[in-house]
Amino acid sequence: MTTATVQFVRKTAVTAPGVEAQAMVARLQSGVPDRETLRRILATDLADEVEVIRQAAEQALLTHCGDTVRLRGLIEFSNRCTLDCYYCGIRRSNRAPTRYTLALDEIVETARWCGEQGYGSVVLQSGERRDEKFAAFVTEAVRAIKAATRSDALREGVGITLCVGEQSPETYAEWYEAGAHRYLLRMETSSPRLFAALHPAEQRYASRVDCLKTLKAIGYRVGTGVMIGLPGQTVDDLVDDLFFFRDIGADMIGMGPYIPHEQTPMHSASVRDVPARMTLALRMIAATRLLLPSINIAATTALQTLAPDGREQGLRYGANVIMPQATPLHVRREYTLYDGKPCLDDSAGQCAACLEGRITSVGRRILRDQWGDATRRV
Ligand code: SAH
């Protein structure tokens, strides 16, 4: 063999694990995904296999969604919360954060700024309140943002995603009428057993599922998701999560590694180490992309918390949505869901500048001045 031939063989040779991984991917894409294949995709840590899976997920993304990354400016407008989720830093019982709710004007101004950056969409996120005053405030904010962000590029104003938890069907309908058209409500886990271990008894698995169904029936584009690497979570639980995403008809998935917060009851529970949680989260993104190729999938801030290039890695494993931090700096530290949340001191402008470089570094481009919804599955 000539040197050139040897080099050619080296470059193209697919290793045995690689061949096996190609067969797994083919089974998954054949339309009849089986539990065992998904379990293997999530469980493998052979570098060759992971790379075959990653490339297949990236290819599925490019084929079904194109190379654009859709941005949603994240506005964490209130950390007031009536719930007590055992994992979350802004839970009711945590006395450490100073509680705040941004003034309407500041929320609208922030959304307007996001529109001017070309983000196309915003996410309004907060702790959970179910009182009438809160519902009316959100309605008002949605209407005002819509009115303030209409432009030649965005005739209907920025797209608005709400992420404010479980609410009554009437409240969901009111917000939809006001102009919010996407809703993000993570299931946190599709396992009823695990859900019960993560939440106080008054927070019910069934009511969360009901909320997702109600949101879909109203007409929202619905996002859901889970935390990955939770104490007591098995690979089988994660496979169930994937089937849950499919069966609920999710338009978007936002998921990331679980990261303990020191001031929560769960912080001392044992978890997989950081690299294990990180790679598992990336493989979950890839598996979701292969199973549901046309939906939107977020590369979340939690990924970036565990690795500085975590969101870029998420994009390379099949994600196509990023939520740049737009929360005003003066409250950002009070919205600490988990320890080590990044970008606490970077202004929204710095976040915007940094993001563009990160996205182009992985060969992708920003979708500007558009809502960036997923194409509907049939
Ligand atoms: N009250 C809203 C917003 C919650 S915060 C709601 O219930 O939808 C948004 C997400 O942050 C949660 O859905 C949860 O998945 C994630 N989160 C909270 N604490 C976390 C932690 N310790 N580690 C990783 N993600 C966490």
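All ligand and atom numbering here is 1-based and tracks the order in the structure. We're numbering straight along the sequence, starting at 1.
Under 4.0 angstrom from ligand 1, the non-hydrogen atoms of P257 all belong to its backbone. Contacts of H261 with ligand 1, taken as heavy-atom pairs under 4.0 Å, are absent altogether.
Atom 9 (C) of ligand 1 has its closest protein heavy atom at Q125 NE2, 3.5 Å. When hydrogens are left out, the protein atom nearest atom 11 (O) of ligand 1 is L337 CD1, 3.5 Å; that is the closest non-hydrogen contact. Atom 22 (N) of ligand 1 has its closest protein heavy atom at I259 O, 2.7 Å. Protein heavy atom at the shortest distance from atom 19 (N) of ligand 1 is Y87 CD1, 3.4 Å. For atom 17 (N) of ligand 1, the nearest protein heavy atom (residue, atom name, distance) is M227 SD, 4.0 Å.
Salt bridge status for E36 with R40: absent, with no side-chain N to carboxylate O gap under 4.0 Å. Using a cut-off of 4.0 Å between Lys/Arg side-chain N and Asp/Glu carboxylate O, K133 and D131 are scored as not salt-bridged. Salt bridge status for R368 with E356: present, with a side-chain N to carboxylate O gap under 4.0 Å. Contact check on R333 versus D345 returns a salt bridge, with a Lys/Arg side-chain nitrogen under 4.0 Å from an Asp/Glu carboxylate oxygen.
Checked against a 3.5 angstrom limit, the closest N/O atoms of R186 and ligand 1 fall inside it. Geometrically, ligand 1 and E128 share a nitrogen or oxygen pair separated by less than 3.5 Å. In terms of N/O distances under 3.5 Å, ligand 1 is not approached by Y258.
Residue-ligand proximity, C163 to ligand 1, at heavy-atom distances under 4.0 Å covers atoms 2 (C), 3 (C), 8 (O). Close approach to C88 involves these atoms of ligand 1, each under 4.0 Å from a residue heavy atom: 19 (N).
Taking both residues in full, the closest heavy atoms of R155 and D152 are given as CG-O, 3.9 Å, listed atom of the first, atom of the second, then distance. Y172 and Q167 get closest at one heavy-atom pair: OH-N, 3.1 Å. Of all non-hydrogen atoms in L28 and A287, the two that sit nearest each other are CD2-O, 4.4 Å.
Side-chain atoms of K216 come within 3.5 Å of backbone N or O of G249 as a donor-acceptor pair.
The closest approach between a heavy atom of S126 and any atom of ligand 1 is below 4.0 Å. Assignment of E188 to the shell around ligand 1 is supported, since a heavy atom sits closer than 4.0 Å. In this structure, A302 has no heavy atom closer than 4.0 Å to ligand 1.
For the salt bridge (Lys or Arg N to Asp or Glu O under 4.0 Å) with E166, the lone residue among R208, R186, R129, R204 that qualifies is R208.
By the 30° and 60° cut-offs, the orientation of the rings of H199 relative to Y87 is perpendicular.
The residue from C211, C81, G165 that puts a heavy atom closest to atom 8 (O) of ligand 1 is G165.
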